[in-house]
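Notes to accompany the following structure.
Sequence lines set the chain letters: A, B, ... in the order given, protein chains first and strands last, and positions in each chain run from 1. Given the structure is predicted, the values throughout are model-derived calculations rather than measurements.
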2 protein chains.
Amino acid sequence: MSQHHDHGHCIASAMDTAKKLCEQQGARLTPVRRRVLELIWQNHKPIGAYELLPQLAADGFNSAPPTVYRALDFLLELGVVHRISSLNAFIGCDQPGLSHPTGFFICKECGNATELPAKHLTKLAQALEAELGVSIESGSHELSGLCSSCRTAA
Amino acid sequence: MSQHHDHGHCIASAMDTAKKLCEQQGARLTPVRRRVLELIWQNHKPIGAYELLPQLAADGFNSAPPTVYRALDFLLELGVVHRISSLNAFIGCDQPGLSHPTGFFICKECGNATELPAKHLTKLAQALEAELGVSIESGSHELSGLCSSCRTAA
DNA sequence: GTAGAATTGCAATATTATAACCTAAGGGTA
DNA sequence: TACCCTTAGGTTATAATATTGCAATTCTAC
């Protein structure tokens, strides 16, 4: 994503997708779940569970670890959020609802994360399955370096 | 790696490489660092830092978290160990000394981890750099599924 | 042998995540 | 409406993973 985009659109789109997925699956997008998803989408940087707690508290929500972890688990399950395990952090998913291999590029300068195009990840998985004789069921790819903006700035 | 290989060779080879790298770099493979590396190589499964502590204690080493984390940091820096962040665990590196992108396939059945061939990872990185306009400096790829042995067993 | 750097010992604490148990809220059905 | 059942949330405690800070020791180069 670029530095200067209509981020309101990102949030609205994410909330809309989550709502639709919930309707399809008979799941409930409760206030605390909705708010956690909004907070995760406040920018394109991964955010830690414990960073969400005070923000939830400020909104009058209960703010104990299980509350935020339960909301995160729900959103992960729904596929609208991913976990970046190298950072112990969470980020909104660009293309939720599609079952696809996931990965992110995280700029070490600005901290923004970009979801990796699924087609490359799928291709890698196929090549590895052929070469190693394994069957891949899930995976996470976490890359870091400089994004194009930070590269030109440097 | 196969189920029945000469694992003594894996260990010996890993220790030998670590020793050589240390000599090259003027670093010291102290007893606790050596022992941690041996313990990591006791099999091909990722192992947690806190699992190493009692084993170090049994050998008469100091056994407090900083001891093992310092040894792990040293070995990570040296490139002979990798961290599997999705498991909060550590594993020995097959091809240490070469600076290359790293990734592992971990069998969800037997727990064994196989290092992914660098060439595929390099190719992916190049494709992503071209497509996203980023420069990738490091990355980790953590895949899971069934290894070939467990697939045929099932 | 001494100074400076690297390593280790040790105690405390930070950070991330989960368990267990109970209460409340939604949703269907007689 | 009254009832039942399932899901969600509140609360407390604790588990699991990792780091900080400082003192003591060991190593190495001079």
message = Would you say that B/Phe105 contacts B/Cys107 through its side chain, given a criterion of any heavy-atom pair below 4.5 Å between the two side chains?
response = yes
Does [Y] offer a backbone N or O that forms a donor-acceptor pair with the side chain of [X] under 3.5 Å?
{"X": "A/Arg33", "Y": "A/Arg28", "value": "yes"}
{"X": "B/Thr17", "Y": "B/Ser13", "value": "yes"}
{"X": "B/Glu129", "Y": "B/Ile136", "value": "yes"}
{"X": "A/Gln55", "Y": "A/Leu52", "value": "no"}
{"X": "B/Glu109", "Y": "B/Cys150", "value": "no"}
{"X": "B/Glu142", "Y": "B/Ser85", "value": "yes"}

request  = Summarise how protein sits on nucleotides 19-30 of chain D as a single string, 5' to 3': B when a protein heavy atom is under 4.0 Å from the base, S for sugar-phosphate-only contact, - for no contact.
outcome  = BBB-----S---
What's the [atom1]-[atom2] distance between [X] and [N], to the nearest Å?
{"X": "A/Phe90", "N": "C/dT16", "atom1": "CZ", "atom2": "P", "result": "10 Å"}
{"X": "A/Leu75", "N": "D/dG9", "atom1": "CG", "atom2": "C1'", "result": "15 Å"}
{"X": "B/Ile47", "N": "D/dT17", "atom1": "CD1", "atom2": "P", "result": "12 Å"}
{"X": "B/Glu77", "N": "C/dA6", "atom1": "CD", "atom2": "P", "result": "13 Å"}
{"X": "A/Phe74", "N": "D/dT6", "atom1": "CZ", "atom2": "P", "result": "19 Å"}
{"X": "A/Glu51", "N": "C/dA17", "atom1": "CD", "atom2": "C1'", "result": "15 Å"}
{"X": "A/Leu52", "N": "C/dT16", "atom1": "CG", "atom2": "C1'", "result": "13 Å"}
{"X": "B/Leu87", "N": "D/dA18", "atom1": "CG", "atom2": "C1'", "result": "16 Å"}

request  = Name every residue in residues 53-62 of chain A that has at least one heavy atom under 4.0 Å from any atom of DNA chain C, in order of residue number, or write none if there are no such residues.
outcome  =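 Here the set is empty: none.
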task = Using the salt bridge (Lys or Arg N to Asp or Glu O under 4.0 Å) rule, take A/Glu51 and A/Lys45 through it: C-alpha gap first, then chi angles, then the decisive distance, then the call.
result = CA-CA 12 Å; A/Glu51 290 179 74; A/Lys45 304 183 204 305; over 6 Å; no
message = On the nucleotide D/dA18, are OP1 or OP2 found under 4.0 Å from the side-chain N or O atoms that B/Asn88 carries?
response = yes
ask   = Looking at B/Arg151 and A/Val134, what are the two nearest heavy atoms and their distance?
value =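 Reported closest heavy-atom pair: NH1-O, 3.4 Å.
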query = Of the candidate nucleotides D/dT11, C/dA17, D/dT17, which contains the atom at the shortest distance from the side chain of A/Ala64?
reply =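 Of the options given, the side chain of A/Ala64 lies nearest D/dT11.
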task = Side chain of B/Val32 only, please: which of C/dA17, D/dA18, C/dT8 is the nearest?
result =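 Nearest nucleotide to the side chain: C/dT8.
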message = Given B/Thr67, which partner from the list B/Leu53, B/Asn62, B/Val36 fulfils the side-chain contact (heavy atoms from CB on, under 4.5 Å) test?
response = B/Asn62
message = Determine whether the aromatic ring centres of residues B/His7 and B/His5 are separated by less than 6.0 angstrom.
response =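 They qualify: ring centres under 6.0 Å apart.
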ask   = Taking five pairs at each end of the helix from C/dG1-D/dC30 to C/dA30-D/dT1, what angle separates the two helix axes (nearest 10°)?
value =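 What I find for the helix from C/dG1-D/dC30 to C/dA30-D/dT1 is an axis angle of 30°.
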